[in-house]
Amino acid sequence: MLTQIAVSLNSIANPIGQVLLAPIEWLPGWLSATLIGVVTGVLMLVVFKYTSNQSAIKRTRDQIKANMLALSLFKDDLGVSLRSQGRLLTGALRLILHALIPLAVLMIPMILILGQMSLWYQARPLRIGEESVVTVQLADESTDAVQAITLNTNDAVEVIAGPVRVSSKNMVCWKVMPIRDGQHQLEFKIGGETSLKEFVVGGAFEPTSQKRPAWDWNEVVMHPRETPFAPDSIVQSIEVTYPQRDALTAGTNNWVIYWFVISMVAAFVAKPFLNVNL
Amino acid sequence: MVAVISTTGVLGYIGPGAGFALAGSFLAIFAAIVSALMMVMFWPVRRLFRLLFKKSPPKKPRFKRVVVLGLDGLDYGLTSRLLNEGKLPNLARLRDTGNLNPLASTLPPISPVAWSSFQTGVNPGKHNIFDFLRPDEKTYRPKLSSVEIRSGKKSIGYGPLKFRFPTSDVRMLRKSKPFWSVLSDYGIFNCVIRVPITFPPEKLRGVQLSAMCVPDLRGTQGTFSQYTTREKSEGEKTGGEVHYVNRNDDTVECELLGPPNPNKPDAGDMRLPFTVSITGQQSATLTINGTQHSLKQGEYTDWISVKFRTGFRSNVLGVCRFMLLSTDSQFDLYVTPIHIDPEHPAMAIGYPKVYPIYLAKQQGPYATLGLAEDTWGLSEEVLEDQHFLQQCSDIDIEREAMFFDGLEKVPEGFCVCVFDGTDRMQHMFWRYLDESHPARPAKVPTAFATAIEDLYGRMDDLVGRTMAKCDDDDTLLMVLSDHGFNTFRRCIDLNRWLEENGYLVVNDDERNKDYLAGVDWSKTRAFAIGLTGIFVNRAGKFDHGIVAPEDAAELRDEIAAKLRDLVDPNSDAKAIKSVYQAVKAYRGPYKENAPDLIVGYAGGYRVSWDSAVGRTNTTIFSDNTKAWSGDHCVDPSVVPGVLFANHEIVTTHPRLLDIAPTVLEMFGCPVPDYMDGRVLEVGDRKAVDLSAQETELEVA
């Protein structure tokens, strides 16, 4: 059920992401990451404003500030101070409660946005001549399939080594080398069944799906671009090892931290103009 | 952040809004836990430090806590009557656990003088407050007696990089030292809420919120605004401004007047445009500072924050309340004076500076103006009785929240809070109590027939709630008033009397000018200004003084003797009970600043409205037909206040002056020699049989 929902949401998010994030391809990485951070930060702030109880948040915030001030104003009496501490804590907990609804509302779009962004920033496409490992994970009950599966070569990729068949893990690996730029498909055959996996070679910024996932919602969320394999499919997932992107703002793993910081700063700057209580 | 960094994926983050909220909450929790731990760890060290190095009272304190609840103007006579009628059950209980005494006020018995004596324990000759107003020695124009606000400029930098910026210098003119300063010296914590004449706030150990003389945002003592589509009429409204506006279909464009721009002093007052869109017969929408508020006829809005832009990213903030008065044939809108925003105060209105902010965060915006209740709005017939009543009641609720917070936060130490709605309400509603009052309408509205009794009842409830929070042997609770109240039926024009008796000369065509502008100073030997004082126009004191100092005493005797015989031709009653000479009535270094003569009016009389602001009429006596129908600017013996305590006050004839030394004594602190008050003997708390009390009330 969850996986089906995730697949449906991805089917909406993918074409939108394709269009909206297209400028990443021709913008410098730092600029596109910054712009996305700013826009999403402000948008999320607006969503927060209209999905939260703003007056209750303001009241709670004021109460928290009052109790903080009380700690310095009435510090003579330990009992009074501890009571203020207690109220400070309950105020903070109330604030968390007030954030739950916007949190629930924001969570899904945020996951989708971040999933789309990860396609662009988490890995770099392979360059011609750059070796990579392709791993096919097969279903548990298909020990014969480990021996049977083949990778059809084409004019875009050359198999350097393999297949290495690890029966104990139902896993088969190939070492491959791209020989032509472009968005290609790797074709795997097992019996009469054909399984495909995107294989990206070339440009600095292109949507790069590292894995065609199994029928698992967690995997589907993390790898939104390609349709997951059906639950009864012999092939469970196919993963291509892409190189890491070295950049502070739009590099592997760094992009999410940079985006977090930029979106927070943008929201913080926009807060007084949009009159939002956080 | 940790969550984000630690996850390989992107699921740890849910957007900056909720992210901020969660981060903020966790930060608050973290801060609370850390500070609690620090507090518990360092508390014994701090106690020890205080014990070893700080001054402590030389005697053992009698009480851990002293609480004073000030009910401005609560009258002894009326309170006694209502007590006898069983209408004040809580005050009766308080009286029975301790006692009730008439509390002698000051000369004159008016709030600035009386509360100054309350806080300092000295007579006016030592604290320098003799009235609300005092004349300027150069211009004779009246000025506030308790505070002086001067604007100036400060500069930083050098040469072409020298930047000037406007500043205001607020100076307290009350002299001597409040007793809470003495308590502070001995390490006793104080919570002083809205005691008159505490502006500008002074340093103390504890917290303080200033009251009387705190100006509004425009720097006045309270200027309301009325916006109307009526035809322009002659004459000004005292204490307010009328703005004549046009209605275009259902929209009225208005401007709220603010303070002068400190960066452009020549540009006049700042203006904040706002729009009122009439949406129904009795409703409208107000748009101001980009926010919308709904208006309903006859109902106040909540406090609305108003922002006057003084420059890039710099504003002056105030709060005010709006009330739609009429939308039918004419549009009428009332706006309260713009109070200094307690959350972003434009000047210090409390000590420490964050205390007013703390209160605003704790309970929301509140009235900060010294005289918060808009008596002029009612007197000038812009407001109706119920509007004024609502204002007083709302302000009382705000004040109660502050007071009870203070009681909770000060389990040991001194806590005082003054409620002055009692004074304002009695001023404005006495005409419904006094059947012979000239301002009493032929048919008294049922809702207001017992307005003052109801007010006393509400205060009784407040006392009940206060008692519940002070119900222990370690707390001395005193409920007191600075003076009582009396009817104000007849006005006496003191300047006219002086004129008729040859002491003052007025140019006839300038008779109606304010601030003594029509007086011929070269021929004037004495003049009146303010509520109770007559000044001798002494050479050397005033710029145009003509009375030689050696002749002043004789002139004072002469005027006092004649004035004592003043008889009201309407009733043949003596209008003046006594005339006091400052040189004899006061002791202390500032008695020279006092009016030479202080007039003790008989009950029912008071200085006329015109005379108080320096105009001179053509008759001495006139009826008071204003809503301001009760007063206390009479002889002190006519208007004693009340002193209730939850422990018996054994000393007879207590005075307001005695409270300061008594509180010091209760905390074991020495009473300074300069104090004129004496220490009242405080006895024990009597056990009260509540069941018997209830039976007694039922009988009553």
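Numbers restart at 1 for each chain; the letters A, B, ... are given by sequence-line order, proteins then strands. As the structure is a computational prediction, the values presented were derived from the model and not from experiment.
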| message | Under 4.5 Å from any heavy atom of chain A, what part of V354(B) do you find: side chain, backbone, both or neither? | response | both
Which value, rounded to the nearest 0.5 Å, describes the distance between [X] atom [atom1] and [Y] atom [atom2]?
X       : Y      : atom1 : atom2 : value
L359(B) : L69(A) : CG    : CG    : 10.0 Å
E408(B) : S84(A) : CD    : OG    : 7.5 Å
K409(B) : L73(A) : NZ    : CG    : 9.5 Å

| query | Under a 4.5 Å heavy-atom cutoff, which of E412(B), Q363(B), K361(B) has the most pairs with chain A? | reply | K361(B)
| said: Run I33(B) and L89(A) through side chain to side chain contact (heavy atoms under 4.5 Å, CB included) and show every step you take. | reply: CA-CA 8 Å; I33(B) 292 170; L89(A) 279 173; 4.3 Å; yes
Can you tell me which portion of [X] sits under 4.5 Å from chain B's heavy atoms? Options are side chain, backbone, both or neither.
X       : result
R83(A)  : side chain
M117(A) : neither
A104(A) : neither
K49(A)  : neither
T60(A)  : neither

A quick test of your reading: do over 12 heavy atoms of other residues, nucleotides or ligands sit less than 6.0 Å from [atom1] of [X]?
X       : atom1 : result
I101(A) : CD1   : no
L9(A)   : CG    : yes
D302(B) : CG    : no

| Between R59(A), H98(A), K75(A), R94(A), which shows the greatest number of heavy-atom pairs under 4.5 Å with chain B? | K75(A)
| Sidechain N-carboxylate O distance under 4.0 Å for D76(A), R205(B) | yes
| Under 3.5 Å: donor-acceptor pair, side chain of Q63(A), backbone of Q362(B) | yes
| query | What residues of residues 180-189 of chain B sit under 4.5 Å from chain A when you count only heavy atoms? | reply | F189(B)
| message | Which heavy atom of Y358(B) sits nearest to which heavy atom of A70(A), and what is that distance? | response | CE1-CB, 3.7 Å
| request: Evaluate the criterion side chain to side chain contact (heavy atoms under 4.5 Å, CB included) for residue pair V410(B) and V80(A); output intermediate values, then yes/no. | output: CA-CA 8 Å; V410(B) 187; V80(A) 170; over 6 Å; no
| message | Would you say that L78(A) contacts R47(B) through its side chain, given a criterion of any heavy-atom pair below 4.5 Å between the two side chains? | response | no
